[in-house]
Amino acid sequence: MRTVALPAAVTLGAIVFWVAQMPAAATVLAAVATVWAMQLIAPAVRRRSLSMDGWASELLFASPFVLFFLPYVAWTVAARPPLTWDWAGAALAVTTAVAVYASNWRQLRVGFDREFLEIMPPLHLTTAALRSYQLQAAAIGQELFYRGVVFEFLRPTIGWAVIVVSTVLFVVEHLGNRWAGAVLDRAYVVRITVLSTALATIMFVTGSLWAALLGHVVYNLFPVAQVAWRYHVNPYRRGEP
């Protein structure tokens, strides 16, 4: 229900802001609505693929991994936020990403426990590759959108408050995202809030979207490494049944 309610709510908000002659806010909410709506459409396409056979099934199963990120890219092209590089911002973003993920040291330790991973369900190479792509594409797409598009439209009118807006939208997406539901807990919310606030602040101070991108990519490298290690210790890697 929450995944349906979120796009509907932001769409209504976009209409209200447009009527109130606040085009920047209306545009941002309209953009957010398309991003969140695609998160409903993509899983529905994947479920449909399970009832089909042949090449059509394969195509439909893979397509959500592309569809999911189309709104991020489309709005980035429309807004054209500047991609500025800043060494200090990049270093701070990477340090922050590592520190935030390291705060979850218990999960990190279990994730690289070989004996634990070997009793988990087998992981195919294609599944590992698609999951890794999804994690890094999400990092890039979300930063282009929440630190790029949102900043480009709102920073001129609301100033530093764009940090708060960017973070709230980022966190709410993860709260409503079907794929995040399995890992949703209070500590998880705190981590993504801290990460988003830090990256948004770095973007606001340095103007470096590259720094925010790098920080999020580094943060997502940890689960990608876990996926790779899980495949590494998996029987499918050795061609066993």
Side-chain angles (χ1 to χ4, degrees), residues 6-7 10-11 13-14 17-18 22-39 42 65-97 100 133-177 179-180 191-221 224:
L6 287 173
V10 294
T11 299
F17 278 116
W18 186 264
M22 301 174 67
T27 301
V28 166
L29 288 184
V32 169
T34 63
V35 167
W36 292 354
M38 189 57 74
Q39 295 176 10
F65 289 93
V66 176
L67 292 174
F68 197 87
F69 304 107
L70 281 179
Y72 293 125
V73 176
W75 282 104
T76 300
V77 171
R80 289 180 294 181
L83 285 167
T84 305
W85 178 261
D86 183 85
W87 283 104
L92 183 58
V94 169
T95 302
T96 301
V100 171
Y133 155 78
Q134 175 193 333
L135 285 164
Q136 291 298 15
I140 295 170
Q142 287 169 349
E143 290 309 311
L144 288 174
F145 187 80
Y146 291 109
R147 254 61 73 178
V149 175
V150 172
F151 267 65
E152 190 68 14
F153 280 112
L154 294 184
R155 181 172 180 168
T157 56
I158 66 175
W160 66 266
V162 72
I163 297 173
V164 178
V165 173
S166 171
T167 295
V168 168
L169 292 174
F170 179 84
V171 172
V172 170
E173 174 183 329
H174 286 74
L175 290 175
N177 192 331
W179 296 356
R191 285 196 302 274
I192 62 173
T193 300
V194 171
L195 178 68
S196 180
T197 302
L199 296 180
T201 302
I202 291 169
M203 171 63 185
F204 185 83
V205 173
T206 68
S208 176
L209 183 53
W210 274 117
L213 277 166
L214 183 60
H216 202 156
V217 165
V218 168
Y219 183 86
N220 279 21
L221 278 177
V224 167

Candidate pair I140 and H216, rule side-chain contact (heavy atoms from CB on, under 4.5 Å), full reasoning: CA-CA 7 Å; I140 295 170; H216 202 156; over 6 Å; no
With sequence neighbours excluded, residues passing ring-ring contact (aromatic ring centres under 6.0 Å, His included) with F153: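 ring-ring contact (aromatic ring centres under 6.0 Å, His included) check on F153 returns nothing, list empty.
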Any residue meeting ring-ring contact (aromatic ring centres under 6.0 Å, His included) with F151, in chain and number order, not counting sequence neighbours: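 F151 satisfies ring-ring contact (aromatic ring centres under 6.0 Å, His included) with no residue once adjacent residues are dropped.
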Whether R155 side chain and V162 backbone form a donor-acceptor pair below 3.5 Å: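 Here the side-chain-to-backbone pair does not exist.
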Partner set under side-chain contact (heavy atoms from CB on, under 4.5 Å) for [X], not counting sequence neighbours:
X	value
S196	R147, T167, F170
A33	V10, T11
V205	T201
A14	L29, A30

Nearest non-hydrogen partners of [X] and [Y], listed with the distance:
X	Y	value
I163	T197	CG2-O, 4.2 Å
A97	G215	CB-O, 3.1 Å
N220	A139	ND2-CB, 3.7 Å

Identified side-chain contact (heavy atoms from CB on, under 4.5 Å) partner of L209 from the options I202, T76, L144: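 Among the candidates, only L144 passes.
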What's the spacing between [X] [atom1] and [Y] [atom2] if we round to 0.5 Å?
X	Y	atom1	atom2	result
L70	M38	CG	CE	6.0 Å
F69	Q142	CZ	CD	7.5 Å
F204	W160	CZ	CH2	9.0 Å
Y72	T34	OH	OG1	9.5 Å

Residues which pass side chain to side chain donor-acceptor pair (under 3.5 Å) with Y219, listed by chain and number, not counting sequence neighbours: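 None.
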W36 and V172: CA distance, side-chain angles, deciding distance, side-chain contact (heavy atoms from CB on, under 4.5 Å) verdict: CA-CA 10 Å; W36 292 354; V172 170; 3.5 Å; yes
Test log, rule side-chain contact (heavy atoms from CB on, under 4.5 Å), inputs F17 and T27: CA-CA 9 Å; F17 278 116; T27 301; over 6 Å; no
Non-hydrogen side-chain atoms of V28 and V149 separated by less than 4.5 Å: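 Counting from C-beta outward, V28 and V149 never come under 4.5 Å.
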What side-chain donor-acceptor pairs closer than 3.5 Å can you find for residues 79-95, not counting sequence neighbours?
{"residue": "D86", "atom": "OD2", "partner": "A88", "partner atom": "N", "Å": "3.3"}
{"residue": "D86", "atom": "OD2", "partner": "G89", "partner atom": "N", "Å": "2.6"}
{"residue": "T95", "atom": "OG1", "partner": "A91", "partner atom": "O", "Å": "2.8"}

